[in-house]
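Comments concern the structure below.
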Amino acid sequence: MHWTEVRADLAMLAGDPVRSCRAWLAVADARLAVGQAPGTVAVEAAVDRAHHQWGQIHDPATARELGLTLAELRSRVPGRRAGALDHVRKQLIQLQPQG
């Protein structure tokens, strides 16, 4: 997990929010899979970082794809900021194709 976290940070520094978001989502999922509690600081931090990077994604299709994964994680790991899951859900509605 450590190297995935390093890659996520490097992607962020390189201006690649998609790769960074994917990596942080993977870290959060892996931490939960090995039994870390949703309220664990490391789990919350991974989801929070994924959420932040997701907000930087400009391609609507990619944002929708990753947003669905993020919403599922946010339902299990709401984080310490109230309204994070609602934020993801509202953004997903806005990302729906028009027409």
Side-chain angles (χ1 to χ4, degrees):
M1 278 186 271
H2 172 72
W3 289 112
T4 304
E5 290 174 335
V6 169
R7 285 192 295 274
D9 279 338
L10 289 173
M12 179 197 64
L13 292 172
D16 189 345
V18 173
R19 188 176 305 184
S20 182
C21 181
R22 283 187 201 281
W24 283 120
L25 290 170
V27 167
D29 197 44
R31 288 187 177 283
L32 291 168
V34 297
Q36 291 185 14
T40 304
V41 172
V43 174
E44 286 183 342
V47 177
D48 288 346
R49 289 177 177 137
H51 192 153
H52 175 75
Q53 289 301 296
W54 178 69
Q56 307 302 310
I57 297 171
H58 298 293
D59 176 57
T62 304
R64 277 192 305 276
E65 171 202 340
L66 294 175
L68 293 172
T69 303
L70 178 61
E72 190 279 324
L73 267 174
R74 274 289 181 211
S75 70
R76 294 187 288 153
V77 185
R80 300 187 191 257
R81 282 190 174 179
L85 178 57
D86 287 339
H87 174 259
V88 174
R89 288 178 175 159
K90 287 177 185 173
Q91 290 301 112
L92 281 171
I93 289 168
Q94 291 182 354
L95 289 167
Q96 292 302 313
Q98 303 299 315

Check: Who are the side-chain hydrogen bond (donor to acceptor under 3.5 Å, both in side chains) partners of Ser75, not counting sequence neighbours?
Finding: none
Note to self: Apply the hydrophobic cluster definition, ILVMFWY joined by side-chain contacts under 4.5 Å directly or through others, and give me every member besides Val41.
What the structure shows: none
Margin query: According to side chain to side chain contact (heavy atoms under 4.5 Å, CB included), who are the partners of Asp16, at least two apart in sequence or on a separate chain?
Written below: Ala11, Val18, Arg19
If you look only at distance, which donor and acceptor atoms sit under 3.5 Å apart when one is on a side chain in residues 59-71 and the other is two or more places apart or in another chain?
unit_1: Asp59; atom_1: OD2; unit_2: Thr62; atom_2: N; d: 2.9
unit_1: Asp59; atom_1: OD2; unit_2: Thr62; atom_2: OG1; d: 2.5
unit_1: Arg64; atom_1: NH1; unit_2: Leu95; atom_2: O; d: 2.6
unit_1: Glu65; atom_1: OE2; unit_2: Arg22; atom_2: NH1; d: 2.8

Notebook entry, point to check: Does Leu13 sit in a hydrophobic cluster with other residues, and if so which ones, taking ILVMFWY side chains as linked at heavy-atom separations under 4.5 Å, directly or through other members?
Noted result: Met12
Notebook entry, point to check: Are any non-hydrogen side-chain atoms of Arg49 and Leu25 less than 4.5 angstrom apart?
Noted result: no
Note to self: Which residues end up grouped with Ile93 if you chain together Ile, Leu, Val, Met, Phe, Trp and Tyr wherever their side-chain heavy atoms are less than 4.5 Å apart?
What the structure shows: none
Next item on the list: Identify, with sequence neighbours excluded, every residue that meets side-chain hydrogen bond (donor to acceptor under 3.5 Å, both in side chains) alongside Glu72.
Entry: Arg76
Next item on the list: Each residue besides Val27 in its hydrophobic cluster should be listed here, by chain and number; the cluster joins Ile, Leu, Val, Met, Phe, Trp and Tyr at side-chain heavy-atom distances under 4.5 Å.
Entry: Trp24
Taking only distance into account, with no hydrogens and no angle test, what donor-acceptor pairs under 3.5 Å do side-chain atoms of residues 77-90 form with protein atoms, sequence neighbours excluded?
unit_1: Arg80; atom_1: NE; unit_2: Glu44; atom_2: OE1; d: 2.7
unit_1: Arg80; atom_1: NH2; unit_2: Glu44; atom_2: OE1; d: 3.3
unit_1: His87; atom_1: ND1; unit_2: His51; atom_2: NE2; d: 2.8

Notebook entry, point to check: What are the two closest heavy atoms between Ala37 and Val43, and how far apart are they?
Noted result: O-CG2, 3.6 Å
Next item on the list: Grab the two heavy atoms, one from Gln53 and one from Ser20, that are nearest each other, plus how far apart they are.
Entry: CG-OG, 3.2 Å
Checklist line | Results of salt bridge (charged side-chain N to carboxylate O under 4.0 Å, His left out) for Arg31 - residues two or more places apart only | finding: Glu5
